[in-house]
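Comments concern the structure below.
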Amino acid sequence: MIRLMGKKKDFLRKIVEEDLRSGKYSQVVTRFPPEPNGYPHIGHAKSISLNFGVARDYGGRCNLRMDDTNPETEEARYVEAIEDAVRWLGFDWGERTLYTSDYFQRLYDYAVELIKMGKAYVDSLSEEEIREYRGTVTEPGRRSIYAERSVEENLDLFERMRKGEFAEGEHVLRARIDMAAANMKMRDPLLYRIRHAPHFRTGNAWHIYPMYDFAHCLSDYIEGVTHSFCTLEFENNREIYDWILDTLGVPPPRPHQYEFARLNINYTVLSKRKLIELVKEGYVSGWDDPRMPTIAGYRRRGYTPESILTFCEQIGVAKANSVVDVAQLEACIRDDLNPKVPRVMCVLDPLKVTILNYEGSEEIDASYYPHDVPREGTRKLPFSSEIYIEREDFSEHPPKGYYRLTPDQPVRLKHAYIIRCQEVVKDEEGRVVEIKAIYYPDSRSGSDTSGIKVKSAIQWVDARRARKVEVRLYDRLFGVENPQGPEDLNPDSLRIVKEALIEPAAIEEKPDERFQFERLGYFYTDPVDYRDEAPVFNRIVTLKDSWAKKRQKASPKPAKSEAKPSKSAPKEPRSVEMSPEEQARFERYGKESGLREELASTLARDERLSRFFEAALETYEGATTIANLVANEVARELKREEELTFAPAQIAALARLIDEETISGKIAKEVFEAMSQSGEDPEKIVEERGLRQISDPAEILPVIEKVLEQNPDNLRKYREGNERLFGFFVGQVLKATGGRANPRIVNELVNRELKKS
RNA sequence: UGGGGUAUCGCCAAGUGGUAAGGCAACUGGUUUUGGUCCAGUCAUUCGGGGGUUCGAGUCCCUCUACCCCAUCCA
């Protein structure tokens, strides 16, 4: 049932796994909850992959829920687009699509309950006033006068809001939480607002609609969702999520929200607003324009669901805001297609080649797949004295390192013969219009006895039998890494070649929908515009082109050397002044206890730490050890818990154990841990667990020998000069003794043993 | 400025006190009838900076810095 044993897991899967292991939930339930107000994009694919992937990996289920709480922006066609996308990616969401609007009545009932508890009220402030009353990040807000309405009045008003008795904006329902909360989201958040617009599913049944913060947590709860994954910008909303479920006191199990970083890709925009602009302003042909980062766009471009999913897995799930390189996506589709699709020959910019010494015609058998793709399938390649090659594959004055056809350099026609240039025919303007060549009859592919060595094999098509096709060469939509809007569009994102020539089998046999056009890239039969009599191919992605790269390096572009603003000079850190009391403590710690400045200041600056330290000093005078324990271990505990389970005297006792070398510093941490768990005295813990330090070399030496024996590889590496491994050996010895060996002695002995040989 | 987050290679990203994973990109070299693929190899003495604790710190403590989110009747 659990498929990820031992594999690398993201932090969310770890949480799920732990919750399942601990029995917090018996089955994991996730959900993908888009708002149907636009086409889903690859950022949604990340969320789909996460939510459905977690459900699949842990034997749970994942719901598809339309978060349709805003009637003004949502449409049924977007629901279909979302369903299509999820289905295309290969996921199944059970019986039916769910809708937040299915729960409107139950949500309403929950709201009434809150009102009855005195935890929600109808506010009649204007929108502007509400904003004003909310305060700012630094100043607390103040509560509306309407917050004092009676439960009865609130109930009455809320019911009439529902019936549509009021104008939009006249009233809202708010939670009564805390207008001074540091988290702005908690300053009496709005729960319901009045909207008279018809909803695409519920029509005019409702005149009030729940806000995200109210609807989401409860919808999750209603559906039995256990893990509610959302993006980072909702971190501040989690507190409301919990408040609503806690205040309502819903019976367990209840869902919990976790946040992860949304996807960003360079040269790409993924904000819904900007995507809508591209479509509405006609910068692209629609939501499914092959340059769009929508799932529909990638799909029409020719990307496979597998490649998108692989991408989502590769980029991982974490909490750091990041921008993924679009090259990573491109690598995924190449990688997916390379071992799968047939190769055919297509010429985008034809240059005629007449083979002077060839007569008649023939058909050459050629495999659709290269030697390294273990697939069956061949086609016939018509060949005659008139063919076309790619204009780029001939050069009269070739640059250094050019492998293709030149006046002096023969080339192989892929699957066919080697040819040599005999004459270059030009028009009045000096443009090359034709090559007259000769072929070597004994150089035919597969039975080449000519002994001629060529540097490359190029694609070609037979002049008479080739088919004319339209090829759409797509490139990235934006020309800059971090595009802001239409001004950053790449003017060359689409180049249409109306009269490309392709070998006939690609059209007549149509062995697949996706092809590799030999040496050009991967292409897809456009699902919308392709006709048998007028084929249209979309370029999915180019092949990697190390020749182009090499040439680019040889003739570097006019360097756009912007002064790199990165890593600007570090700002002068401003240090916080100590208050007079802190200053006094600081000086006393230095003078009376002999603490070093760092330590003294750490303690002195913290009220609780200094009190603790001073109390501990009363039982034992080892100031430095105590201070270290307080500044490190106690400080950590204080960060975690308000109340400490141990007393200053116990820390003093622990310090004494360290100073007397009864235990090592390492064991001290273990003892401290135990102490903060149980509150027991350190001496007792040491005795009960047998933690006394081992300092006798006679006892340690055998352990060292064993460790060295068990790690011959590392021993060799160490002796070859990898001195970092010293720490490794010390660690192994310490581990073998349960951490009880005296580290100082272990270090000495390991060092000695390692030097021996 | 208050609160909530985040910082590990050019880009993602593992790592939870004991040898700094992996992918993409890049760079060598080999194979190749695709300048593709594949194969072999290189690519972090260092984890945002500075201090501290420890035999040992990316991991614990202190402190500073940078970036993201929050003051929609959007989600």
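Naming: A, B, ... by sequence-line order, numbering from 1 per chain.
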Distance-only donor-acceptor test (3.5 Å): side chain A:Asn236, base B:G5: no
So [X], base contact, sugar-phosphate only, or nothing? Heavy-atom distance under 4.0 Å.
X        : result
A:Ser126 : base
A:Val137 : base
A:Asp67  : sugar-phosphate
A:Ile418 : nothing
A:Thr602 : sugar-phosphate
A:Glu127 : base
A:Val707 : nothing
A:Phe726 : nothing
A:Asn237 : base

Span that lies between the [atom1] atom of [M] and that of [N], in whole angstrom:
N     : M     : atom1 : value
B:U16 : B:G36 : P     : 39 Å
B:U19 : B:G58 : P     : 10 Å
B:C61 : B:A25 : C1'   : 38 Å
B:U37 : B:A20 : P     : 33 Å
B:G23 : B:A14 : P     : 15 Å
B:A26 : B:A21 : P     : 23 Å
B:C12 : B:G29 : P     : 30 Å
B:G50 : B:U8  : P     : 15 Å

Could you state the interatomic distance from [atom1] ([X]) to [atom2] ([Y]), rounded to the nearest 0.5 Å?
X        : Y        : atom1 : atom2 : value
A:Arg174 : A:Leu190 : CZ    : CG    : 5.5 Å
A:Trp460 : A:Glu518 : CH2   : CD    : 11.5 Å
A:Tyr258 : A:Lys319 : OH    : NZ    : 11.0 Å
A:Ile626 : A:Leu599 : CD1   : CG    : 11.5 Å
A:Arg724 : A:Lys717 : CZ    : NZ    : 10.0 Å
A:Glu597 : A:Thr602 : CD    : OG1   : 11.0 Å

If the glycosidic angle is within 90 degrees of 0 it's syn, otherwise anti, so just tell me which one B:U37 is. anti
Just the table, please: protein N/O against nucleotides 54-56 of chain B N/O, every pair under 3.5 Å.
residue, atom, partner, partner atom, Å
B:C55, O2, A:Asn747, ND2, 3.4

Let's see if you can work this out: which of [options] has an atom nearest to the side-chain heavy atoms of [X]?
X        : options             : value
A:Ile315 : B:A71, B:C12, B:U53 : B:C12
A:Ile130 : B:C68, B:U53, B:C73 : B:C73
A:Gln328 : B:C74, B:C60, B:G23 : B:G23

Taking [atom1] from [X] and [atom2] from [N], how many angstroms apart are they, rounded to a whole number?
X        : N     : atom1 : atom2 : value
A:Tyr267 : B:A25 : OH    : P     : 15 Å
A:Phe672 : B:C61 : CZ    : C1'   : 11 Å
A:Glu582 : B:U63 : CD    : P     : 11 Å
A:Met578 : B:U63 : CE    : C1'   : 12 Å
A:Leu270 : B:A75 : CG    : P     : 21 Å
A:Glu233 : B:U72 : CD    : C1'   : 14 Å
A:Lys185 : B:C70 : NZ    : P     : 7 Å
A:Leu603 : B:U63 : CG    : P     : 12 Å

With respect to the phosphate group of [N], does any side-chain polar atom (N or O) of [X] fall under 4.0 Å of OP1 or OP2?
X        : N     : result
A:Arg193 : B:C74 : yes
A:Arg134 : B:C73 : yes
A:Lys549 : B:A26 : yes
A:Thr136 : B:U1  : no
A:Lys639 : B:C61 : yes
A:Arg724 : B:A20 : yes

Audit row: A:Arg31, A:Ser228, side-chain hydrogen bond (donor to acceptor under 3.5 Å, both in side chains) steps and yes/no: CA-CA 7 Å; A:Arg31 99 270 95 109; A:Ser228 183; 3.1 Å; yes
How far apart are the C-alpha atoms of A:Asp448 and A:Tyr440, what are their side-chain angles, what is the distance that settles it, and do they pass the side-chain hydrogen bond (donor to acceptor under 3.5 Å, both in side chains) test? CA-CA 9 Å; A:Asp448 183 358; A:Tyr440 296 91; over 6 Å; no
Once base and sugar-phosphate atoms are separated, protein heavy atoms under 4.0 Å mark nucleotides 30-39 of chain B, 5' to 3', with B, S and - as --SBBBBB--
5' precedence on RNA chain B between A:Val323 and A:Asn70 (nearest-nucleotide basis): A:Val323
Can you work out whether A:Glu35 or A:Ala318 has the more 5'-proximal nearest nucleotide on RNA chain B? A:Ala318
Given 3.5 Å as the limit, does a donor-acceptor pair link the side chain of A:Arg187 with the main chain of A:Arg134, or not? yes
Determine, using ring centers only, whether A:Phe234 and A:Tyr241 are less than 6.0 Å apart. no
Between A:Phe229 and A:Phe260, does the ring centroid distance fall short of 6.0 Å? no
If [N] has a Watson-Crick or G-U wobble mate with both distances under 3.5 Å, name it; if not, just say none.
N     : answer
B:C11 : B:G23
B:G2  : B:C70
B:U46 : none
B:C60 : B:G52

Minimum heavy-atom separation for A:His415 to A:Ile364, with atom names? O-CG2, 3.4 Å
Do you know which two heavy atoms are closest between A:Glu673 and A:Arg640, and how far apart they sit? OE2-NH2, 4.0 Å
Do the charged groups of A:Glu633 and A:Arg636 touch, with an N to O distance under 4.0 Å? yes
